[in-house]
Amino acid sequence: MTTTIRLHNTRTRQTEDLVPLIPGKVRMYVCGPTVYDRAHIGNARPVVVFDTLFRLLRHVYGAGNVTYVRNFTDVDDKINAKAAQTGRPIRDITDETIGWYHADMDALGALRPTHEPRATEYIGAMIAMISDLIDRGHAYAAEGHVLFDVRSYAEYGKLSGRSVDDMIAGARVEVAPYKRDPMDFVLWKPSDATLPGWDSPWGRGRPGWHIECSAMSKALLGETFDIHGGGIDLQFPHHENEIAQSCCANHSGQFANIWMHNEMLQVEGKKMSKSLGNFFTVRDLLDQGYPGEVIRFVYLQTHYAKPMDWTHDKAMQADATLRKWRALVAGVEAGKAHDHIVNALADNLNTSLATYWLHHMAAEIQDKQTDLDRGVSGLSYDSEYVAELRRTFLASAQLLGLLLPELGGWDEAGVDLAPWVNRLAGLRAEAMETKDFAPVDALKSALTTAGLEVRMSKAGVELLPGPGFDVGKLPVLE
RNA sequence: GGCGGGUUGGCGGAGAGGUUACGCAGCGGAUUGCAAAUCCGUGAAGACCGGUUCGAUUCCGGUACCCGCCUCCA
C-alpha cells in the first residue's frame with residue numbers, strides 16, 4: 001500500500017492527491033537563488049520546506065525515483081552591478097556565492113537536489129524557446145528586445161488570480177515604448193559591451209529573468225512534470241510568466257501539474273529588511289551560534305503555507321527540545337519511520353503535526369524507560385521494546401531532516417567535563433558526611449552560570465551543556 | 001486601487017461541526033541536602049458582529065487589525 005501524498009495546489013486552489021504523471025516517478029522543480037550574495041533566512045525557508053518534501057517523496061517513491069531540480073540564476077543585473085562595483089569577474093562572484101549557498105544549506109540539513117543547473121549553461125535552450133515563441137506568435141522582437149505578448153495567451157493571470165486589465169488599471173507597470181501591451185515582459189534584452197551577452201538572432205544580449213526556469217525545467221524534467229515550488233512572492237510575476245512561456249512553447253500545452261508556494265518569513269513580528277536592522281543571512285545566524293539543526297526545526301514548526309516568524313525565543317525552545325531528543329537517541333541506529341509521521345507529512349506537508357507526533361513518541365520512550373528504570377513489575381514491555389521505539393523515533397525525526405548524524409555535535413560540550421563532574425561528586429560526598437553543603441552549592445552555582453545543567457541523584461552527578469554553555473566561564477579547578 | 005494570506009489559552013502552534021492537540025512557561029504534589037531531570041495532577045483559547053445548525057473556535061457573510069504580492073528582495 002503506497003502512501004497517498006496530498007498537496008495544496010495553488011493553481012487549482014485545492015488540495016489534491018499527488019498522482020505522478022509517470023507512474024512511480026516524481027519530478028519537482030523549485031526556483032533557486034540569484035547568486036550575488038549570501039542567502040538570507042527568508043531564502044532558506046523554501047529550501048527547508050521543499051527539502052522536507054523531497055525527503056518524503058524519496059521515502060514514498062524510492063530515492064531513485066524522485067528527480068529534484070533547483071536552479072542557480074547566475075546571469076542577472078544584480079550580479080552585473082556587483083561585478084562592476086568590485087571589479088571582479090562575474091564567474092568569480094557566482095562561483096563563490098554558489099559555494100556559500102551550498103555550505104549554508106548543507107548546514108540546515110538540506111539534501112542537494114538531483115540537478116542544480118546554472119542559467120548560463122542553458123542560454124542555447126533559452127534562445128531556442130524564445131524562437132519557438134516568436135514562430136508561434138506569442139512573442140515579438142522590438143529594439144533589440146524580445147517580449148512575450150501576454151494578450152496572445154488567454155490563460156495569463158490564472159495562477160495568481162489576476163486579469164491583465166486589472167493589473168494595468170493598477171498602473172504600476174513599466175511603460176516602455178517598444179511594448180505592445182504594458183504587461184508584456186522581457187524574454188531577451190540587449191547587452192552593451194560592458195555587460196555579459198550572448199549572440200542571438202536578435203543581436204548580442206542576455207535572457208530575461210523568467211525564461212531560464214522554463215528552459216531548464218524542460219531540459220531536465222521535460223515539458224510536463226509534477227511539482228513546481230517556490231515562495232509565494234514568486235507567484236506573480238515569475239511563475240505566471242513561466243507558465244505563459246512554457247505552455248505556449250510546449251507542444252503539449254501543459255507545464256507543471258501542482259504548484260506549491262510557501263508563505264513569507266518575518267523576524268520578531270516584522271518584515272525582514274536592512275533598514276529595520278532585522279536582516280539576517282543564514283551565515284549570520286550560524287555565526288551567532290544558532291546550530292543549523294535548530295534553525296531547521298524552527299522552520300518546520302510552522303506550516304509552510306502560513307507566515308512564519310523567526311524569533312530568538314523560538315530558537316531557544318527548539319534548541320532545548322533537540323538537546324532532549326538527541327540525548328534520547330544517543331547511540332541508537334535509525335529504524336523505520338512511524339506511519340504517523342509519514343501520514344502527517346503526506347497531508348500537505350503538515351510538519352507542525354509531525355512535530356506533535358515526535359513529542360508524543362519521545363514522551364512514550366521517556367515514560368516507559370522510567371518505569372523500566374524503577375523496576376516496576378508487571379510491565380507489558382521490556383527494554384528491547386523501548387529500544388525499538390527509540391529506533392523508530394530516530395528514523396521518524398530523520399524523515400524531517402532532524403537528528404541526522406551530520407547535523408550533530410553542537411549539543412556537546414566540546415571539552416571533557418569529567419574533572420568538574422569528579423570534583424562536584426567529591427564535594428557532595430564530603431558534604432553528605434559533614435552536612436556542610438556550602439562548597440557544593442558554590443561549585444554548582446558556578447557550573448550553572450557557565451551554562452551547564454547540573455543533575456545530582458543517587459546514581460551520581462551529571463553535567464549537561466545547555467544553550468548558553470560557555471567553556472570560558474567554567475570555574476577553574478585547583 | 002487590484003489580488004492573496006493571517007487573527008487560537010502567558011508565548012509558540014495544529015487538527016476536527018459536538019469528545020484533553022501538543023510544546024514552552026505557570027500552579028500543586030512526589031522525588032532531591034537544596035536544585036535539576038523525571039513522574040503524578042492541574043488552570044488557561046479561539047479578533048469582533050451576524051447567519052446556518054440541535055450544537056461552531058471549526059461552515060457562510062460582514063467589520064476591524066496585521067502581513068505579502070502587484071516595483072525582476074523567496
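Small disclaimer: the values here were computed from a predicted structure and weren't measured.
B:A56 and B:G18 have their P atoms separated by 12 Å, given to the nearest Å. Rounded to whole Å, the separation between the C1' atoms of B:G41 and B:G46 comes to 26 Å. Nucleotides B:G61 and B:U19 have their C1' atoms positioned 29 Å apart, rounded to a whole Å. With P as the reference atom, B:A30 and B:A36 are 14 Å apart, rounded to whole Å. Comparing B:U52 with B:G17, their C1' atoms sit 12 Å apart, to the nearest whole Å. Comparing the same atom, C1', in B:G10 and in B:A45 gives a spacing of 11 Å after rounding to whole Å. For the C1' atom pair drawn from B:G12 and B:A25, the interatomic distance equals 11 Å after rounding to whole Å. For the C1' atoms, the distance from B:U7 to B:U63 is 13 Å, rounded to whole Å.
For the pair A:Asp347 CG and B:G15 P, the computed distance is 8 Å after rounding to whole Å. Put simply, CG on A:Leu353 is 7 Å from P on B:G15, counting in whole angstrom units. One interatomic measurement links the two molecules: CE of A:Met308 to C1' of B:A14, which rounds to 16 Å at whole-angstrom precision. One atom, CD of A:Gln301, and another, P of B:C24, lie 11 Å apart when rounded to the nearest Å. Going from atom CZ of A:Arg206 over to atom C1' of B:C72 covers 12 Å, rounded to whole Å.
The A:His359 side chain lies nearest to B:C22 when the options are B:A74, B:C22, B:U32. Residue A:His303 places its side chain closer to B:A14 than to any other of B:U32, B:C72, B:A14. Taking the side chain of A:Phe437 as heavy atoms from C-beta on, and the options B:C69, B:G33, B:A35, the nearest nucleotide is B:G33. Counting only heavy atoms from C-beta on, A:Asp77 has its side chain closest to B:C72 among B:C72, B:G33, B:A37. Side chain of A:Lys458, nearest nucleotide from B:U32, B:A35, B:C72: B:U32.
Both tests hold for A:Lys368 against A:Tyr381: distance to the six-membered ring centre under 6.0 Å, angle to the ring axis within 45°. The cationic group of A:Arg180 lies under 6.0 Å from the six-membered ring centre of A:Tyr140 and within 45° of the ring axis, placing it in a cation-pi geometry.
Mapped onto RNA chain B by nearest heavy atom, A:His360 and A:Gln235 fall at different nucleotides, with A:Gln235 at the one closer to the 5' end. If A:Pro307 and A:Tyr356 are placed on RNA chain B by their nearest nucleotide, the residue sitting closer to the 5' end is A:Pro307.
Neither OP1 nor OP2 of B:C3 sits under 4.0 Å from any side-chain N or O of A:Ser160. Between A:Lys444 and B:G33 there is no side-chain polar atom (N or O) within less than 4.0 angstrom of OP1 or OP2. Between A:Lys324 and B:A37 there is no side-chain polar atom (N or O) within less than 4.0 angstrom of OP1 or OP2.
Donor-acceptor pairing under 3.5 Å, judged by distance alone, is present between the side chain of A:Asp441 and the base of B:G33. You won't find any donor-acceptor pair under 3.5 Å spanning the side chain of A:His261 and the base of B:A74, going by distance alone.
Checked against side-chain hydrogen bond (donor to acceptor under 3.5 Å, both in side chains), A:His210 has the following partners two or more places apart in sequence or in another chain: A:His238, A:Asn241.
Close placement of the A:His40 and A:Phe279 rings is indicated, their centers lying within 6.0 Å of each other. Ring-centre distance between A:Phe72 and A:Tyr101: below the 6.0 Å cut-off.
Only A:Gln366, A:Asp367, A:Thr370, A:Arg374, listed by number, bring a heavy atom of residues 366-383 of chain A to less than 4.0 angstrom from any atom of RNA chain B.
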For this session: Step by step, work out the side chain to side chain contact (heavy atoms under 4.5 Å, CB included) result for A:Gln245 and A:Ile211.
Result: CA-CA 7 Å; A:Gln245 294 158 352; A:Ile211 192 69; 3.9 Å; yes

Exercise. Hey, mind stepping through A:Trp325 and A:Phe297 against ring-ring contact (aromatic ring centres under 6.0 Å, His included) and telling me if it holds?
Worked result: CA-CA 12 Å; A:Trp325 286 354; A:Phe297 190 40; 5.4 Å; yes

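Using a 3.5 Å distance cut-off with no hydrogens or angles, the side chains of A:Thr120 and A:Asp74 do pair a donor with an acceptor.
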